[in-house]
Amino acid sequence: MTTPETRSVIVERDFPHPPEKLWRTLTQPHLMAEWLMRNDFQPAIGHRFNLRGDWGGVLDCEVLILDAGKCLSFTWDHVNDNAAYDLRSVVTFTLTPTMTGTHLRVEQAGFRTDQKQAFGGAMHGWNSFLSKLEAVVARDI
């Protein structure tokens with residue numbers, strides 16, 4: 001059995017805030033709703049939750065990794081009858097302390113090579129999400 005080749009969207013940003021502050025914004029459901037999507041997230045490995053987009057779509061997710069202040073990873077699955085949009089992926093947020101704050105690396109892995117539009121949409125989407133994240137982190141006390 002051959003595993004199909006997949007690609008990843010990777011977006012990185014530096015934040016002038018400590019990892020703990022960024023972590024809070026990544027893992028508190030009410031804050032996640034402000035920069036990502038409405039959700040029923042709970043910071044617990046194995047917790048299954050949904051992300052609900054303003055576009056009407058629902059993403060099925062499960063927390064895979066929860067290493068406080070360092071790494072958060074969860075599945076990001078979008079069931080669709082059209083194979084080009086039927087996505088089974090994993091999103092991983094990696095936080096690295098820097099001299100001036102935190103370096104955040106976001107990787108969404110699992111795009112098949114025939115999912116060019118979904119891949120491009122994710123690249124645009126993550127850049128937009130991280131711009132919103134910057135505003136929420138800067139404001140959150």
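Both backbone and side-chain heavy atoms feed into the values below; hydrogens, waters and symmetry mates do not. Quantities reported herein were computed from a predicted structural model and do not represent experimental measurements.
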- Note on the structure: Taken in chain and number order and not counting sequence neighbours, the residues that satisfy salt bridge (charged side-chain N to carboxylate O under 4.0 Å, His left out) with Asp86 are Arg88

- Give a yes-or-no answer on whether the side chains of Asn50 and Asn39 include a donor-acceptor pair shorter than 3.5 Å. no

- Chi angles and distances behind the ring-ring contact (aromatic ring centres under 6.0 Å, His included) call for Trp126, Phe93: CA-CA 11 Å; Trp126 282 113; Phe93 300 88; 5.8 Å; yes

- Message: Testing the basics here: between Gly69 and Pro19, what is the closest heavy-atom pair and its distance to 0.1 Å?
- Response: O-CB, 3.8 Å

- Note on the structure: Between Met37 and Leu51 the two heavy atoms that sit nearest each other are SD-CB, 3.9 Å

- Query: With a 4.5 Å heavy-atom cut-off, do Glu134 and Thr25 have their side chains touching?
  - Reply: no

- Item | Residues, nucleotides or ligands: over 12 heavy atoms within 6.0 Å of Asn82 CG | yes

- Query: Where is the tightest heavy-atom contact between Ser89 and Asp77, given as atom of each residue plus distance?
  - Reply: N-OD1, 3.2 Å

- What class does the angle between the rings of Phe49 and Phe41 fall in, given that below 30° is parallel, 30 to 60° is tilted and above 60° is perpendicular? perpendicular

- Report yes or no: does Lys132 contribute a side-chain atom to a donor-acceptor pair with the main-chain N or O of Glu34 at less than 3.5 Å? no

- Message: Measuring from atom CZ of Arg105 to atom OG1 of Thr92, what distance do you get when rounded to the nearest 0.5 angstrom?
- Response: 8.5 Å

- Message: Can a donor-acceptor pair be found, under 3.5 Å and without considering hydrogens, that links the side chain of Thr102 to the backbone of His17?
- Response: yes

- Task: Tell me who clusters with Met99, hydrophobic residues only, linked when side chains sit under 4.5 Å apart either directly or through other members.
- Result: none

- Ignoring hydrogens and geometry, is there a side-chain-to-backbone donor-acceptor pair from Arg13 to Asn127 under 3.5 Å? yes

- Query: How about Glu12: does its CD atom have over 12 heavy atoms from other parts shown lying under 6.0 Å from it?
  - Reply: yes

- Query: Quick check: are there more than 12 heavy atoms from other residues, nucleotides or ligands sitting under 6.0 Å from NE2 of His47?
  - Reply: yes

- Distance-only, no hydrogens or angles: does the Ser73 side chain make a donor-acceptor pair with backbone N or O of Val91 under 3.5 Å? yes

